[in-house]
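Step one of this worksheet: look at the structure below.
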Amino acid sequence: MELRPIKSETDYQKALERIGMIFDAPIGTSESDEADILGLMVDDYEKKHYPIDSPDPIEAIKIRMEELQLKQKDLVNEIGGKSRVSEILNKKRKLTVEMIRNLTGKLNLSPGLLITDYRLSR
């Protein structure tokens, strides 16, 4: 097992190929350890070179609704009325502080994510 830092796109591709080759190595073997270490190095490289922006608050709500298999009607108590839920999810109206508090608990989302500014649709 010869590990070297991932410093270039070529190193990154080689690391991905190697992980693919040893991915199913039995736990406790040197190949399993190598896969774990390569995984950490690849993750670090990806965070630096391929950052993923957080979704806007409405997209985050929609993603969590899908994960929890919720429908718009399931957010009526947190947002206030079917039409209000529709306006929020279609970006016709902004979230209020009270809605953010309610949604934080219901959807288990970070308040910091929900207070991020976003554009309304026209």
Side-chain angles (χ1 to χ4, degrees):
M1 167 169 62
E2 181 188 336
L3 293 173
R4 297 176 332 145
I6 299 174
K7 295 181 180 179
S8 67
E9 188 65 24
T10 302
D11 293 341
Y12 171 68
Q13 291 302 324
K14 286 180 182 177
L16 290 176
E17 287 175 25
R18 180 65 180 153
I19 287 173
M21 292 172 26
I22 61 175
F23 186 76
D24 291 323
I27 295 175
T29 63
S30 61
E31 286 183 333
S32 173
D33 293 342
E34 180 183 0
D36 290 344
I37 294 167
L38 279 174
L40 293 170
M41 290 171 31
V42 164
D43 183 54
D44 183 60
Y45 184 86
E46 288 174 344
K47 284 179 181 172
K48 291 177 184 170
H49 297 280
Y50 302 108
I52 298 173
D53 292 333
S54 297
D56 74 31
I58 303 308
E59 291 307 311
I61 291 168
K62 289 178 180 179
I63 290 167
R64 187 54 56 98
M65 286 175 65
E66 186 175 323
E67 290 172 351
L68 299 174
Q69 299 178 347
L70 298 175
K71 302 202 179 314
Q72 287 189 15
K73 67 179 182 174
D74 297 319
L75 299 183
V76 167
N77 290 336
E78 287 71 29
I79 293 178
K82 288 185 205 176
S83 61
R84 182 66 45 92
V85 173
S86 180
E87 290 172 343
I88 294 295
L89 295 179
N90 289 306
K91 297 183 181 178
K92 301 289 185 191
R93 180 185 295 265
K94 295 255 185 180
L95 289 165
T96 66
V97 173
E98 183 176 348
M99 290 175 196
I100 291 170
R101 283 187 190 122
N102 295 338
L103 289 168
T104 296
K106 171 85 174 186
L107 302 177
N108 194 26
L109 289 171
S110 160
L113 175 62
L114 295 180
I115 63 170
T116 304
D117 196 24
Y118 59 94
R119 288 180 174 245
L120 294 177
S121 62
R122 301 271 174 216

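Treat the numbers as computed from the prediction; the structure is a model and nothing was measured.
Annotation: side chain to side chain donor-acceptor pair (under 3.5 Å) contacts involving residues 99-112, sequence neighbours excluded, are absent. Applying the salt bridge (Lys or Arg N to Asp or Glu O under 4.0 Å) test to residues at least two apart or on different chains, the pairs with a partner in residues 15-28 are Arg18-Glu31, Arg18-Glu34. The stretch residues 76-91 participates, sequence neighbours left out, in these salt bridge (Lys or Arg N to Asp or Glu O under 4.0 Å) pairs: Asp56-Lys91, Arg84-Glu87, Glu87-Arg93. Pairs engaging residues 5-14 under the salt bridge (Lys or Arg N to Asp or Glu O under 4.0 Å) rule: Arg4-Asp11 [sequence neighbours left out].
Minimum interatomic distance between Ser32 and Pro26 (heavy atoms only, all atoms of both residues): CB-O, 3.2 Å. Heavy-atom minimum distance, Lys92 versus Ser121: NZ-OG, 3.7 Å. In terms of heavy atoms, Pro57 sits closest to Thr116 at CG-O, 3.0 Å. Pairing each heavy atom of Thr29 with each of Ala25, the nearest pair is OG1-CB, 3.9 Å.
By the 4.5 Å side-chain criterion applied to Ile, Leu, Val, Met, Phe, Trp and Tyr, Ile63 is assigned to no cluster and stands alone. Hydrophobic cluster membership of Ile88, counting Ile, Leu, Val, Met, Phe, Trp and Tyr whose side-chain heavy atoms lie under 4.5 Å apart directly or via other members: Ile58, Ile61, Met65, Leu68, Leu70, Leu75, Val76, Ile79, Val85, Leu89, Leu95, Met99, Ile100, Leu103, Leu107, Leu109, Leu113, Leu114, Ile115, Tyr118, Leu120.
Atom CD of Glu66 has 12 or fewer neighbouring heavy atoms from other residues, nucleotides or ligands inside a 6.0 Å radius. The number of heavy atoms from other shown groups lying within 6.0 Å of CD (Glu59) is above 12. When the shell of 6.0 Å around CG of Leu40 is examined, it contains more than 12 heavy atoms from other residues, nucleotides or ligands.
Side chains of Lys94 and Asp117 form a contact here, defined as non-hydrogen atoms less than 4.5 Å apart.
Separation of atoms CG (Leu16) and CE (Met21) is listed at 12.5 Å; rounding is to 0.5 Å. Going from atom OG of Ser30 over to atom CD1 of Ile37 covers 10.0 Å, rounded to the nearest 0.5 Å.
Tyr12 and Tyr45 have parallel rings, their planes meeting at less than 30° on a 0 to 90° scale where 60° marks the start of perpendicular.
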